[in-house]
Amino acid sequence: MTLPAGGTSNAPETASLEAGQVTVRVPAGYCIDARSLRATGPRQFALLAQCDILRAGQVEGVSTLSFLTVTAVRSDDNTPLPTAQQLAAAFGPATIMRQTQRRGVLLVQLSDGGQKASRNATPVHWRGVMRVPGHTLGLAAYSTQGGAASDLDGRDLLLSLATNIRNAT
């Protein structure tokens, strides 16, 4: 685990999954919740949240929380990525509100399901999927009302996360 400058081991800015085969590097202002990290096994996972919240160790009084997730599973590099409709069906029932494909990353904004991640999250959230060698990554962005991951900012956060992961891996 790489620690942020002046940070603690509970809020690193990078983490290795699958013995270094995948490196999660966060977007600016976000850190990894080290307690959530599952770096080995058939499905690896990292929860990313705003660094100031993770470092303070409390969410009390925070009105605009956003958090991101990364899930990595081993996969053959020739396996096709799911379609936008398949992503929506897997986390639905939900309507696809927006859809973007950039630099090998498929992103969809879904009308429902975000509240399943946290009781304070809005139903509208973003999901994404991408590939790095030997792995398929699922990405997600959730927010409370007015949080940074809402609307197109959620898409941009996931694109930044995807670029960072690809560059670090």
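Fair warning: this is a prediction, and the values are worked out from it, not measured in the lab.
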| request: Report the C-alpha distance between Asn120 and Leu65 in whole Å, list the side-chain angles of each, state the deciding distance to 0.1 Å, and finish with yes or no for side chain to side chain contact (heavy atoms under 4.5 Å, CB included). | output: CA-CA 9 Å; Asn120 295 324; Leu65 173 67; over 6 Å; no
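- Residue-environment remark: CZ (Arg43) stays at or below the threshold of 12 foreign heavy atoms within 6.0 Å.
- A donor-acceptor contact shorter than 3.5 Å is absent between the side chain of Thr144 and the backbone of Gly147.
- The heavy-atom pair separating Ala149 from Ser66 by the smallest distance is N-OG, 3.0 Å.
- Looking at every heavy atom in both residues, Arg166 comes nearest to Arg103 through NH1-O, 2.7 Å.
- Tyr30 and Val22 end up in the same hydrophobic cluster when Ile, Leu, Val, Met, Phe, Trp and Tyr side chains are linked at under 4.5 Å.
- Hydrophobic clustering (ILVMFWY, side-chain heavy atoms < 4.5 Å, transitive): Leu159 and Ile165 are in one cluster.
- Counting heavy atoms from C-beta outward, Met97 and Asp151 have side chains that stay 4.5 Å or more apart.
- Rounded to the nearest 0.5 angstrom, Asp153 CG and Leu158 CG are separated by 11.0 Å.
- Checking Gln21, Glu18, His135 one by one against Arg74, the side-chain hydrogen bond (donor to acceptor under 3.5 Å, both in side chains) holds for a single residue, Glu18.
- Closest approach of Leu54 and Ala11 over heavy atoms only: CB-CB, 4.1 Å.
- Considering every non-hydrogen atom in both Pro123 and Gln115, the closest pair reads CA-OE1, 3.0 Å.
- Between the CZ atom in Arg25 and the CG atom in Leu48 there is a gap of 12.5 Å [rounded to 0.5 Å].
- Residue Trp126 is not grouped with residue Leu106 when hydrophobic side chains (ILVMFWY) are merged at heavy-atom distances under 4.5 angstrom, including chains of intermediate members.
- In terms of modelled atom types and a separation under 3.5 Å, the side chain of Asp77 and the main chain of Gly134 share a donor-acceptor contact.
- Note on Leu152: it clusters hydrophobically with Leu139, by side-chain heavy-atom contacts below 4.5 Å among ILVMFWY residues.
- Summarising the geometry, atom CD1 belonging to Ile53 is positioned 11.0 Å from atom SG belonging to Cys31; distances are rounded to the nearest 0.5 Å.
- A side-chain donor-acceptor contact under 3.5 Å links Thr169 to the backbone of Thr23.
- Between the NE2 atom of His125 and the CG atom of Leu110 there is a distance of 4.5 Å, given to the nearest 0.5 Å.
- Across Ser36 and Ala46, no two heavy atoms sit closer than the pair OG-C, 4.1 Å.
- Panel note: side chain Gln86, backbone Ala84; no donor-acceptor pair is recorded below 3.5 Å.
- Shown are Thr100, Val108, Val105; of these, the side-chain contact (heavy atoms from CB on, under 4.5 Å) with Arg155 is made only by Thr100.
- Checked by atom type and distance alone, the side chain of Gln109 never pairs as donor or acceptor with a backbone atom of Val124 at under 3.5 Å.
- Annotation: side chain of Val26 is in contact with side chain of Ile32 (closest heavy-atom distance under 4.5 Å).
- For the atom pair CG (Asp112) and OG1 (Thr122), the distance works out to 10.0 Å, reported to the nearest 0.5 Å.
- Residues Ala121 and Gly114 approach most closely at CB-O, 3.4 Å, considering heavy atoms.
- One distance of note links CG of Asp33 with OG1 of Thr69; it measures 12.5 Å at 0.5 Å rounding.
- Between the Ser75 side chain and the Thr136 main chain, a donor and an acceptor come within less than 3.5 Å of each other.
- A chain of hydrophobic side-chain contacts below 4.5 Å, direct or via other Ile, Leu, Val, Met, Phe, Trp or Tyr residues, connects Leu107 to Val132.
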